[in-house]
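Just below is one structure, and these are the notes that go with it.
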Amino acid sequence: MSLEPLVLNFAAEKLAQQCGRIEICIDKLTPDQIWARGNENANAVGNLALHLMGNVRQWILHGVAGEPDVRLRDSEFAARGGIDSTELKRRLRTTVDEACAAIRAQPPARLCERIKVQSYDVTVIEAILHVVEHFSGHTGQIIFATKFLTGDDLNFYAHLRTPKPHHEKTP
């Protein structure tokens, strides 16, 4: 197997994994917590989810897959609610699923092709890797906010914990 399909598959799987983690976070938050901001310069979990949808649509679905650019970036940050958790998750999952399909569909010959997204002149593979990096960074912010607001351990890495020793009682 050549490197290109491995990289594309990994990128798509990583986006899907991070999307799942965001969905778990949203499920743990109340509507007020989803839209809570520490201050006017901070983004709520809801804003970050909208921002990720916009970024993925613009960079992957538009830049890589050629769909129309419908992004309204400022509105992603201006929102102060009005979208319930079910709809927020549905929109995010739909966007990520479409992007994953577009990523996996890229022929290796296209990966070095230059495209223009926003004001950036990048290759197709650079656009894909940018989106994965950007998505992962904001997923980390959402996880932090969720832990901070709920006090919950999200158990994303429970499988890495060292088992506690089991002490046998002596008679």
Side-chain angles (χ1 to χ4, degrees), residues 7-106 115-120 122-150 152 154-157:
V7 171
L8 295 174
N9 231 6
F10 180 82
E13 290 300 319
K14 189 55 68 175
L15 279 178
Q17 176 194 53
Q18 299 300 318
C19 183
R21 290 180 176 174
I22 292 171
E23 290 168 331
I24 289 167
C25 289
I26 290 171
D27 282 340
K28 290 190 167 287
L29 299 172
T30 67
D32 286 343
Q33 289 172 325
I34 291 170
W35 296 102
R37 293 168 173 251
N39 59 61
E40 277 305 303
N41 292 315
N43 290 310
V45 168
N47 295 105
L48 291 172
L50 293 173
H51 175 61
L52 289 172
M53 289 177 235
N55 177 267
V56 170
R57 283 203 168 283
Q58 187 173 46
W59 282 77
I60 301 297
L61 299 178
H62 166 66
V64 173
E67 293 184 11
D69 185 3
V70 296
R71 187 175 188 191
L72 301 171
R73 190 175 188 277
D74 292 344
S75 69
E76 299 160 14
F77 300 106
R80 296 293 188 271
I83 305 169
D84 69 27
S85 62
T86 302
E87 180 63 11
L88 196 61
K89 290 187 309 178
R90 185 194 67 74
R91 289 185 196 177
L92 182 63
R93 175 56 66 182
T94 298
T95 301
V96 169
D97 286 350
E98 290 174 12
C100 288
I103 289 168
R104 286 187 176 107
Q106 295 309 302
I115 59 174
K116 189 124 178 158
V117 183
Q118 293 175 337
S119 60
Y120 300 101
V122 297
T123 63
V124 168
I125 193 64
E126 288 170 336
I128 292 168
L129 295 178
H130 161 74
V131 166
V132 173
E133 174 269 331
H134 182 257
F135 203 99
S136 294
H138 286 308
T139 299
Q141 290 179 308
I142 291 169
I143 289 169
F144 177 84
T146 302
K147 288 180 173 184
F148 181 80
L149 292 167
T150 66
D152 288 352
L154 302 174
N155 292 310
F156 294 138
Y157 298 98

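Predicted, not measured: the structure shown is a model, and the values here were computed from it. This chain uses plain numbering: 1 for the first residue, then up along the sequence.
- Atom CD1 of Ile125 and atom CG of Leu8 lie 5.0 Å apart (nearest 0.5 Å).
- Although no hydrogens or angles enter the test, the distance criterion places no donor-acceptor pair under 3.5 Å between the side chain of Asn9 and the main chain of Ala11.
- The minimum heavy-atom distance linking Cys100 with Ala12 is given by the pair SG-O, 3.2 Å.
- Between Ser85 and Ile26 the shortest heavy-atom distance is CB-CG2, 3.5 Å.
- Between Arg73 and Glu76 there is no salt bridge, since none of the side-chain N atoms of the basic residue sits less than 4.0 Å from a carboxylate O of the acidic one.
- Asp152 contributes no side-chain N or O that, together with a main-chain N or O of Leu154, makes up a donor-acceptor pair within less than 3.5 Å.
- Within a 6.0 Å sphere centred on CZ of Phe144, other residues, nucleotides and ligands contribute 12 heavy atoms or fewer.
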Intermediate values then yes/no, side-chain contact (heavy atoms from CB on, under 4.5 Å), Ile24 and Thr146: CA-CA 9 Å; Ile24 289 167; Thr146 302; over 6 Å; no

Residue pair Leu92, Val56: steps toward the side-chain contact (heavy atoms from CB on, under 4.5 Å) verdict: CA-CA 10 Å; Leu92 182 63; Val56 170; over 6 Å; no

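- Counting all heavy atoms, side chain and backbone alike, Trp35 lies closest to Arg80 at CE3-C, 4.0 Å.
- Counting non-hydrogen atoms of other residues, nucleotides and ligands closer than 6.0 Å to CZ of Phe77 gives a total above 12.
- Counting only heavy atoms from C-beta outward, the side chains of Glu67 and Arg57 approach each other to under 4.5 Å.
- The shortest distance between side-chain heavy atoms of Ser136 and Lys14 falls below 4.5 Å.
- Counting only distance, with no hydrogens or angles, the side chain of Ser75 and the backbone of Leu72 share a donor-acceptor pair below 3.5 Å.
- For the pair His134/His51, a side-chain contact is recorded, criterion being any heavy-atom separation below 4.5 Å from C-beta on.
- Glu126 places a side-chain N or O within donor-acceptor distance of the main-chain N or O of Thr123, the cut-off being under 3.5 Å.
- A donor-acceptor contact under 3.5 angstrom links the side chains of Asn47 and Arg37, judged on distance only.
- Looking at heavy atoms from C-beta onward, Leu50 lies in side-chain contact with Leu88 at the 4.5 angstrom threshold.
- Looking only at side-chain heavy atoms (C-beta outward), Asp97 and Arg93 come within less than 4.5 Å of each other.
- Residues Gln118 and Lys116 come closest through the heavy atom pair O-CG, 4.0 Å.
- Ring planes of His130 and Trp59: tilted class, angle from 30 to 60°.
- Between the CD atom of Gln17 and the OG1 atom of Thr139 there is a distance of 9.0 Å, given to the nearest 0.5 Å.
- Between Lys89 and Glu23, some side-chain heavy-atom pair lies under the 4.5 Å cut-off.
- Scanning all heavy atoms of the two residues, the minimum distance from Ile115 to Gly63 falls at CD1-O, 3.4 Å.
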Val96/Gln18 under side-chain contact (heavy atoms from CB on, under 4.5 Å): CA gap, chis, key distance, verdict: CA-CA 10 Å; Val96 169; Gln18 299 300 318; over 6 Å; no

Steps toward side-chain contact (heavy atoms from CB on, under 4.5 Å) verdict (Gln33, Val45): CA-CA 8 Å; Gln33 289 172 325; Val45 168; over 6 Å; no

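- Ala44 approaches Ile34 most closely through the heavy-atom pair CB-O, 3.4 Å.
- Both the sub-6.0 Å distance and the 45° axial angle are not jointly satisfied by Arg21 relative to the ring of Phe135.
- Here CG of Leu61 is found 7.0 Å from OG1 of Thr95. Values are rounded to the nearest 0.5 Å.
- Here the CD atom belonging to Gln141 is positioned 9.0 Å from the CG atom belonging to Leu52, to the nearest 0.5 angstrom.
- A salt bridge does not link Glu98 to Arg104: none of the charged nitrogens lies less than 4.0 Å from a carboxylate oxygen.
- Under a cut-off of 6.0 angstrom, the local environment of CG in Asn155 is crowded, with over 12 non-hydrogen atoms contributed by other residues, nucleotides or ligands.
- For the pair Val132/Phe10, no side-chain contact is recorded, criterion being any heavy-atom separation below 4.5 Å from C-beta on.
- Contact check for Ile103 versus Val64: no side-chain heavy atoms found under the 4.5 Å cut-off.
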